[in-house]
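Beneath this line is the structure, given in structure tokens, with notes to follow.
Not measured: the values here are computed from a predicted model. Below, all heavy atoms of this structure are taken into account, side chains as well, without hydrogens, waters or symmetry copies.
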Amino acid sequence: MINEIYVAEDICYIGAGDRKASLFENIYPIDSGVTYNSYLLKDEKTVLFDTVDRAVEEAFFENLYGALGGRGLDYLVVHHVEPDHSFCIMRVLKEFSGVKVVTSRKAAQLLSEYFGFSAEDALIVKDGDTLSCGKHTLRFIAAPMVHWPEVTMSYDETTGTLFSADAFGSFGAVNGNIFADPNKFETEELYEARRYYTNIVGKYGVQVQNVLKRVKELSVKAVCPLHGRVWREGFGAFLEKYLLWSSYQPEERGVCIFCGSIYGHTMRAAELLANLLAEYRIPVVLYDTSKTDGSYLLSEAFRYSHLVFAAATYNAGIFTSMERLLSELKTHNFQNRKYSIIENGSWAPQSGKLMEETLSSLKGMLKCGDTVSMLASVKEDTKAQLKALAQSIAAEFAE
């Protein structure tokens with residue numbers, strides 16, 4: 001271990017970054033890598049909080065042994081059993097005799113399924129239980145479905161440190177400084193934090209809200225997630241984002257246009273609408289659903305107040321990339337937005353009707369303006385429909 005990085009009194013960071021991985025959970029692009037965080041409390045009892053993914057196993061053990069400085073390990077707290085945090089558990093148990101696993105009953109069951117770990121060997125804790133480690137006392141907070149059923153958080157009552165499992169995490173391997181910079185949060189860190197939340201936790205807004213109520217009651221001075229940066233100041237701004245995202249409320253007033261175009265004609269209509277909206281000085285962004293990975297599209301849908309879905313008809317259905325996006329929105333329990341539709345079809349437009357079926361089935365979704373329907377290419381009647389749609393959207397922003 002090169003440096004001992006303390007996140008709070010007696011609490012040391014021993015995680016590591018993976019810059020080689022290109023996909024997180026084998027699906028989400030991570031061009032900047034990802035961190036796998038683990039922490040060690042050095043009190044009368046030593047406590048390891050979670051382990052890491054196999055990709056950084058050796059760095060983790062180097063850090064662990066270095067931080068222990070020859071001491072043994074008394075407890076291993078398992079907040080979350082997903083393999084990117086539990087892969088090294090059995091090696092820890094093998095190399096540190098006598099260590100006691102502290103976890104929820106459901107987590108112990110899952111550890112048995114993954115690794116053959118005997119639940120009888122664990123110290124099972126439930127919501128509200130405490131564990132004295134010397135001058136530090138840990139209080140456990142049940143956080144089911146944030147985002148697995150076994151998840152538990154823990155709160156060090158002595159230092160005000162919250163070990164938040166996958167909550168408050170982010171994509172990206174940190175560059176030296178593991179601590180979040182509140183001054184750079186909006187400009188440099190929010191984008192990947194939002195994409196992480198919406199894709200990993202976004203479906204479980206009700207469960208997140210329940211946990212957030214508990215967190216707000218605590219005197220939190222530091223937040224230690226399992227991915228991303230550690231928060232020691234300015235956490236309130238991040239907490240406010242979580243309150244918005246988990247209640248499915250838009251973060252920004254603006255229009256996000258998603259376009260699924262085959263030969264470019266539907267994209268032309270989307271671009272014309274974007275031009276018209278810009279003339280009203282409405283913030284607008286435009287994405288090609290075939291070019292931009294779905295994890296970014298989902299994140300942007302959570303971000304903006306008004307969404308436009310423009311898609312060609314394909315095999316009498318919705319163009320494939322748009323169909324995938326709509327499926328992702330439904331899967332993630334997306335809700336509470338204004339939406340508009342543009343459809344195209346060379347001889348029999350069907351995409352508008354089918355998109356409408358999905359969008360109208362989502363909770364709190366309200367349609368803005370009439371569906372723009374075009375045949376093959378943009379014509380004068382298409383432009384007239386787009387102008388009418390832009391006026392309808394602009395009226396929303398004038399309120």
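- For F168 and F235, the distance between ring centers is under 6.0 angstrom.
- For F302 and W245, the gap between ring centers reaches or exceeds 6.0 Å.
- Of the charged side-chain nitrogens involved, at least one lies within less than 4.0 Å of a carboxylate oxygen, so that K135 and E9 count as a salt-bridged pair.
- Under the salt bridge (charged side-chain N to carboxylate O under 4.0 Å, His left out) criterion, no residue pair touches residues 43-53, with sequence neighbours excluded.
- Looking at V78 and V102, their side chains never come closer than 4.5 Å, going by heavy atoms from C-beta outward.
- Taking the ring centroids of F319 and Y314, they lie under the 6.0 Å cut-off.
- R214 pairs by the side chain to side chain donor-acceptor pair (under 3.5 Å) definition with D127, not counting sequence neighbours.
- For D166 and H85, the side-chain atoms include at least one donor-acceptor pair closer than 3.5 Å.
- Within a 6.0 Å radius of CG in D370, other residues, nucleotides and ligands contribute 12 heavy atoms or fewer.
- Seen from the ring of Y28, R195 does not count as a face-on cation partner, given the 6.0 Å and 45° thresholds.
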Anything under 3.5 Å between a donor and an acceptor, one on a side chain of residues 264-278, the other on a protein residue two or more places apart or in another chain? List them.
unit_1 : atom_1 : unit_2 : atom_2 : d
T266   : OG1    : N344   : ND2    : 3.1

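- Residue-environment remark: OH (Y263) stays at or below the threshold of 12 foreign heavy atoms within 6.0 Å.
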- Under the ring pair (Phe, Tyr, Trp, His ring centres under 6.0 Å) criterion, do F163 and Y155 qualify, and how do the steps go? CA-CA 6 Å; F163 298 93; Y155 175 68; 9.3 Å; no
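- In terms of the side chain to side chain donor-acceptor pair (under 3.5 Å) criterion, S340 has no residue partners (sequence neighbours excluded).
- Scanning for side chain to side chain donor-acceptor pair (under 3.5 Å) contacts around Y65 gives E95, with sequence neighbours left out.
- Under the side chain to side chain contact (heavy atoms under 4.5 Å, CB included) criterion, D18 pairs with K20, A21, V34, Y36, A55, V56, not counting sequence neighbours.
- Heavy atoms from other residues, nucleotides or ligands lying under 6.0 Å from CZ of R54 number 12 at most.
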